[in-house]
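Everything below concerns the one structure shown next.
We count residues from 1, following the sequence as given. First listed ligand is number 1; within each ligand, the first listed atom is number 1.
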Amino acid sequence: MNELQDLQGRHVVLGLSGGIACYKSAELVRELVRHGASVQVVMTEAAAQFITPVTMQALSNRSVYLSQWDAREPNAMAHINLTREADAVLVAPASADFIAKLAQGRADELLSLLCLARPIERCALLLAPAMNREMWAHPATQRNAAQVVADGALILGPAAGDQACGEVGDGRMLEALELCDELIAHFQPKRLAGRRVLISAGPTFEAIDPVRGITNLSSGKMGFAIARAAQEAGASVTLVAGPVALPTPRHVARVDVKSAQQMHDAVLPLAPQHDVFVATAAVADWRPAECGAQKIKKDGSGAVPTIPMTENPDILAAVARLPAAPYCVGFAAESHDLAQHARAKRLRKGVPLIVGNLGPATFGRDDNALLLVDDQGERELARADKLTLARALVAEIAQRLPAR
Ligand code: CTP
């Protein structure tokens with residue numbers, strides 16, 4: 001499945017209450033539609049002061065609902081009809097006043113009415129607060145937010161930063177892309193709920209001198225996709241990353257390292273606190289035995305420097321040997337004879353699962369194909385984008401974990 005079809009078949013009611021962040025909701029509706037969702041926009045009277053229903057209609061390709069007295073509904077029950085076909089109600093922006101209304105179960109206009117009337121078991125309510133930082137921090141708003149969460153709503157954000165009023169602090173609505181990712185994550189099955197997952201990703205950089213080093217072509221994309229997929233599946237995720245220029249997946253704790261030794265020193269103490277370790281990093285096998293304090297200079301004679309090398313610690317094997325070892329998943333990047341090398345590597349590293357891929361066919365690319373090798377045999381995950389594969393791998397790992 002294409003990443004952009006992550007919301008295929010989902011029907012979302014997008015509610016807007018009053019706030020300047022309504023301008024971001026135009027982008028949000030585009031993102032949701034781009035990911036395959038059908039979107040029904042519902043706006044409060046206050047929201048229509050900030051952005052026109054015509055804009056939202058054009059972007060969602062559906063006429064917007066503004067009132068519970070809407071004459072289009074033959075049974076005059078827009079609040080019931082709109083929520084019965086919805087997979088989720090996302091209110092973005094959710095104003096302080098709107099959250100207060102929800103906390104009290106009030107229903108004096110269509111949007112709060114449909115939030116109250118939604119089938120609570122099968123139609124989630126997600127709220128993206130947007131307000132001035134003093135309003136968000138006010139004990140009344142905090143009390144109301146805690147109440148709506150206790151009543152089953154999910155609160156997304158808010159983020160900190162510059163505010164429309166010129167102040168800086170908590171209360172900004174999440175960006176459209178972030179809200180879309182939150183909704184996608186919400187719909188993923190929670191196969192790793194309550195589990196802790198540690199992931200190593202990216203290349204390592206082994207310094208030769210202060211300006212040079214040895215590295216490799218790993219982009220980190222597969223490891224970052226697995227971090228995202230594990231987080232979406234309900235795990236709490238720690239990502240130890242070599243030098244890559246990738247954004248941290250939402251809600252993932254990231255530790256940046258450079259060398260194999262630093263990666264080793266970061267991973268080893270973390271490993272016993274996790275249930276799963278997925279080693280996707282392309283760790284350099286060797287490093288220069290010494291990193292000079294000064295840049296190596298040409299001496300004009302044409303002589304080439306000899307750089308003595310020493311072996312790096314094997315992080316995966318070291319984790320697998322720990323007395324309280326998590327469930328270990330290794331990656332094997334090979335250039336040929338994938339299955340044979342992956343089988344041998346599984347035994348050599350002492351891990352239950354090895355995921356094989358052909359290095360030159362995956363490094364830096366957005367798609368990949370994987371071969372899973374465990375004690376039962378082999379299984380192929382067909383070529384797909386890395387996030388789709390990561391989700392499939394997470395499902396495979398989840399079903400192999402010992403029951404708690
Ligand atoms: N790995 C590791 N630490 C190392 C080397 C590798 O944790 N120092 C992990 C990788 O993250 C990967 C797996 O071990 O999950 C396999 O790595 P790979 O380099 O492909 O295998 P090697 O054991 O180094 O064997 P070879 O280079 O001969 O293929």
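Remark: Arg72 is positioned above the aromatic ring of Tyr65, its terminal NZ or CZ atom under 6.0 angstrom from the ring centre and at most 45 degrees off the axis. For the pair Arg400 and Tyr327, the cation-pi criterion (under 6.0 Å, within 45° of the ring axis) is not fulfilled.
Closest non-hydrogen pair, Gly105 versus Leu116, comes out as O-CD2, 3.4 Å.
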Listed pairs under 3.5 Å, donor-acceptor, residues 335-346 side chains, sequence neighbours left out:
unit_1	atom_1	unit_2	atom_2	d
Arg343	NH1	Glu378	OE2	2.2
Lys345	NZ	Glu334	OE2	2.6
Arg346	NH1	Val351	O	3.3
Arg346	NH1	Pro352	O	3.2

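Rounding to the nearest 0.5 Å places CD of Glu182 at 4.0 Å from CZ of Arg250. Rounded to the nearest 0.5 angstrom, Tyr23 OH and Met173 CE are separated by 8.0 Å.
Residues of the protein with a heavy atom under 4.0 Å from ligand 1 are Ala279, Ala281, Val283, Asp285, Pro313, Asp314, Ile315, Leu316, Gly330, Phe331, Ala333, Lys345, Arg348, Lys349, listed by chain and number.
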